[in-house]
Amino acid sequence: MKPCHHTPTQDTDPALDAVSAWPVAIGAAARLSGISPKMLRHYESLGLLGAVNRTESNYRQYSLADVHTLRFIRRSRDMGFGLDAIAELVSLWHNRRRSNASVKRIAQKHRDELSQRIEALQAMQRSLDGLLNLCPGDGRPGCPILDDLAHP
């Protein structure tokens, strides 16, 4: 999956510019990317990050390109993409010969799935609004909300 096409001179992030020496250990990579060390190891195990260099003592060493990839993964997760889509997006991001049509297809599919989930959530909200309107909330034992939930 490597290399990442970013260089330190392209960065405008003071946190990355403040790193005095690359590569960095897992704690620094996690802090710089906004991903916990546990998730970082998980993403690596899934192949989202690619092979990470290790010291003779077998400690992981993350490059600037690795941190950029981790940030890309974090931002993709923040947008709600699933791990399969993220794997595909990371691969496309690293591929200079990619087709933006492939990227758009992935994003469109995700947006369509989000739209369906939003519609389902809105339907749930309307149902709950109706039930709340039926419930007097007067302290008596009868409850139209529970009655509705008890029926399949």
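Arg98 places a side-chain N or O within donor-acceptor distance of the main-chain N or O of Trp93, the cut-off being under 3.5 Å. At least one donor-acceptor pair closer than 3.5 Å links the side chain of Thr69 to the backbone N or O of Ala65. Formation of a donor-acceptor pair under 3.5 Å by the Asp66 side chain with backbone atoms of Ser63 is found in this model. Of the possible polar contacts, none joining the Ser57 side chain to the Tyr59 backbone as a donor-acceptor pair under 3.5 Å is found.
For the atom pair OG (Ser76) and CZ (Arg71), the distance works out to 13.5 Å, reported to the nearest 0.5 Å. Distance check, rounded to the nearest 0.5 Å: CZ of Arg77 to CG of Leu48 gives 9.5 Å. Taking CD from Glu113 and NZ from Lys109, the interatomic distance works out to 5.0 Å, rounded to the nearest 0.5 Å. Atom CD1 of Ile86 is separated from atom CD1 of Ile73 by 7.0 Å, given to the nearest 0.5 angstrom.
A single hydrophobic cluster is seen to contain both Leu46 and Tyr62, as judged by linkage of ILVMFWY side chains at heavy-atom distances under 4.5 Å, directly or through other members.
Between Ile26 and Gln61, every side-chain heavy-atom pair lies at or beyond the 4.5 Å cut-off. At least one side-chain heavy atom of His42 sits under 4.5 Å from a side-chain heavy atom of Leu83. When side chains are defined from C-beta on, His94 counts as touching Val90, because their heavy atoms get closer than 4.5 Å.
What you find for Val24 and Ala28 is that their closest heavy atoms are CB-CB, 3.7 Å. Across Leu49 and Glu44, no two heavy atoms sit closer than the pair CB-CA, 4.2 Å. Here the closest heavy-atom approach between residue Trp22 and residue Leu64 is recorded as CE3-N, 3.3 Å.
One side chain, Gln108 or Asp112, offers a donor N or O that lies under 3.5 Å from an acceptor on the other.
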Using residues 118-135 as the side-chain source, report each donor-acceptor pair under 3.5 Å to any protein atom, sequence neighbours left out, with the distance given to one decimal.
{"residue": "Ser127", "atom": "OG", "partner": "Ala123", "partner atom": "O", "Å": "3.2"}
{"residue": "Asn133", "atom": "ND2", "partner": "Asp129", "partner atom": "O", "Å": "3.2"}

Please tabulate, for side-chain N and O atoms in residues 31-40, each donor-acceptor pair with protein atoms closer than 3.5 Å (sequence neighbours left out).
{"residue": "Ser33", "atom": "OG", "partner": "Ala29", "partner atom": "O", "Å": "2.8"}
{"residue": "Ser33", "atom": "OG", "partner": "Ala30", "partner atom": "O", "Å": "3.3"}
{"residue": "Ser36", "atom": "OG", "partner": "Met39", "partner atom": "N", "Å": "3.1"}

Could you pull out every donor-acceptor pair under 3.5 Å between side chains of residues 140-151 and any protein atom, sequence neighbours left out?
{"residue": "Arg140", "atom": "NE", "partner": "Asp138", "partner atom": "OD2", "Å": "3.4"}

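Here Met79 pairs with Arg75, Phe81 under the side-chain contact (heavy atoms from CB on, under 4.5 Å) rule; sequence neighbours left out. Residues satisfying the side-chain hydrogen bond (donor to acceptor under 3.5 Å, both in side chains) criterion with Ser45, sequence neighbours excluded, are absent altogether.
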**Prompt:** side chain to side chain contact (heavy atoms under 4.5 Å, CB included) between Arg111 and Ile106: does it pass, once the steps are laid out?
**Reply:** CA-CA 9 Å; Arg111 192 199 57 85; Ile106 296 165; over 6 Å; no

**Asked** Going through the distances and angles, do Asn53 and Arg60 end up as a side chain to side chain contact (heavy atoms under 4.5 Å, CB included)?
**Response** CA-CA 6 Å; Asn53 291 328; Arg60 292 171 171 88; over 6 Å; no

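For residues 82-94, the set of pairs meeting the salt bridge (charged side-chain N to carboxylate O under 4.0 Å, His left out) definition, not counting sequence neighbours, comprises Glu88-Arg105.
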